[in-house]
Structure formats: structure tokens, C-alpha cells
Amino acid sequence: MIGEIICESRKAKGLTQEGLAEMSKVNLRTIQRIENKESDPRGKTLSLICEALELNIEEVLNSEKQHNKNRVKSDLVHGYKLAPKRIRLLANLTEFFIFFVIFIGPILLYKILTKDMDPNVGAFVKIEHLVFFSLLVGGVLYPVFSGNLGHKIFKLKVICAESGGDYKKASEGAIREFLKYASSFLIIPIIWLLWDKNNQNLYDKLTKTFVVERG
């Protein structure tokens, strides 16, 4: 931000970078680095530049502080901080591991011991399984935690993107979780958040939800 102010003020006065360097007695390379946002001027350097450009140093510093505050606010939705991508991925993996140990693991172990193992994975994971987990997680956990088990463990919750209210309806939670489980077979929908500016997966966008840190 300081670099932008200095650059705009220099141009407004019709000065080149060389001219500003000569007037302020600051090294030309330093001026270039400041305007290219490679470094921020501090102390005597900032004072010399502000004096040469007839800028109030306090106003310049206050402008930077305000800019930083606005940048922090841009990471907020409805007053909540968006859940970091890394934490969301960890929450999903943790939830999957817990459900695997509790539900899927014993079933697999039983099939292995009884030699009733179907080589076709698709025959094991059926639509009724997805519906069951969706109803379990969405219908039971969302009204209590405003999210799933992974969200609860990592102190996250799901909110409505339009109103900012907690996503607590059992039916809506079930639909959101079903879309998550169903889209997991396609991979891309559940890792979409890695390049999404709002840290949303495709099922978040379909249900118009955000995952945020609990206040």
C-alpha cells in the first residue's frame, strides 16, 4: 500500500524514479523495490521520501493500517472467518477415518473372515449406504453441531451463504452430506476448494453454504 501511495504521488508531481531518488537522497534501487512492492520503507527512508513528495508520514502509515484491516475483512463472510483449506481437508479425512473404523472396517473384516468378499468395490458401496450415512450425519449431527463430526472436532461449522445463519436443518444437512459422499467418487468436486477463493467445494456451491471457524 505504501508503495502505491509513493508511486502515485511521484507521478502526480511529474517526477521519475531517478528524480525522486535524487530529491530524497534515497538509493534508486530502493525506490524501485518500494514501488514494485518488494519492500516497505520504514524509519528514515520513509521520512526522506515523504518529505520529498510533501506527504504526511502519519497519514501514509494510517492508510497502510486501514488497507490491512480491509484485507482481513475480505476473508470474512457474515462476520465469520472462512475455514482454511488445510483444516477442511483434515476434517474430511478425520471423519472418514472414524466412520471407517466404526462402520466399514468391521464389515470388511467380517467379509474377509467369511470369505464373502466381492471383488467388485461398486457392489460394496451402494446408493443405500450413501443415503444411510447422509441421513445419519445430516439428520442427527447438523441440528446439534451445524455440521458433521469432522467440523465439530476441528471447531468448524456450516452456515448459509445467503443469510449467514447456522445450517441446522436435518433435511438440508442430509442433502449436503449426500452430495459430498456422492461427489467423492469423482474426486474433483471435493478438492475444488484447493483453488476456490471462498474455500468452497462444488457441493458447497450447490447447497449455497460456507464452512467457517466457530466464533
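Predicted model only: the values in this text are computed from it and were never measured. For the numbers below, each heavy atom of this structure counts, side chains included, while hydrogens, waters and symmetry mates do not.
Between A52 and S24, the closest heavy-atom pair is CB-CB, 3.8 Å. Shown here for P84 and N199, the closest heavy-atom pair between the two residues is CA-ND2, 3.9 Å. Taking both residues in full, the closest heavy atoms of R88 and A83 are given as CG-CB, 3.7 Å, listed atom of the first, atom of the second, then distance. When all heavy atoms are compared, the tightest approach of E95 to K180 is OE1-NZ, 2.7 Å. Taking every heavy atom of both residues into account, S9 and L55 meet most closely at OG-CD2, 3.5 Å. Across L20 and E35, no two heavy atoms sit closer than the pair CD2-OE2, 4.4 Å.
Note: Y142 and H151 have perpendicular aromatic rings, judged against thresholds of 30 and 60 degrees for the angle between ring planes.
The salt bridge (Lys or Arg N to Asp or Glu O under 4.0 Å) search around E58 returns none, not counting sequence neighbours. With sequence neighbours left out, the side chain to side chain donor-acceptor pair (under 3.5 Å) criterion links K208 to E162. By the salt bridge (Lys or Arg N to Asp or Glu O under 4.0 Å) test, K11 is found to be paired with no residue, residues two or more places apart in sequence or in another chain being considered. In this view, D196 and W192, K205 satisfy the side chain to side chain donor-acceptor pair (under 3.5 Å) rule, not counting sequence neighbours. With sequence neighbours excluded, the residues forming a side chain to side chain contact (heavy atoms under 4.5 Å, CB included) with D166 are Y80, S146, K157, I159, K168, listed by chain and number. With sequence neighbours excluded, no residue forms a side chain to side chain donor-acceptor pair (under 3.5 Å) with K155. Listed by chain and number, the residues in a side chain to side chain contact (heavy atoms under 4.5 Å, CB included) with E38 are R29, R33, N36 (sequence neighbours excluded). The side chain to side chain donor-acceptor pair (under 3.5 Å) check on T45 picks up nothing, with sequence neighbours excluded. Scored by the side chain to side chain contact (heavy atoms under 4.5 Å, CB included) test, L93 finds no partners at all (sequence neighbours excluded). Applying the side chain to side chain contact (heavy atoms under 4.5 Å, CB included) test to E172 and every residue at least two apart in sequence or in another chain returns Y167, K169.
Side-chain contact between L156 and E213 is present, with heavy atoms from C-beta onward closer than 4.5 Å. Looking only at side-chain heavy atoms (C-beta outward), V212 and K81 stay at 4.5 Å or farther from each other.
A salt bridge (Lys or Arg N to Asp or Glu O under 4.0 Å) check over residues 13-28, counting only residues at least two apart or in different chains, returns the pairs K13-E54.
By the neighbour-count criterion of 12 heavy atoms within 6.0 Å, atom CD of E51 is sparsely surrounded, having that number or fewer from other residues, nucleotides or ligands.
The distance from atom CD1 of I175 to atom CG of L206, rounded to the nearest 0.5 Å, is 11.5 Å.
For the pair T207 (side chain) and Y203 (backbone), a donor-acceptor distance under 3.5 Å is present.
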> Are R176 and D204 close enough, and set up right, to give a salt bridge (Lys or Arg N to Asp or Glu O under 4.0 Å), and what steps lead you there?
Replying inline: CA-CA 8 Å; R176 184 179 184 278; D204 292 317; 2.5 Å; yes

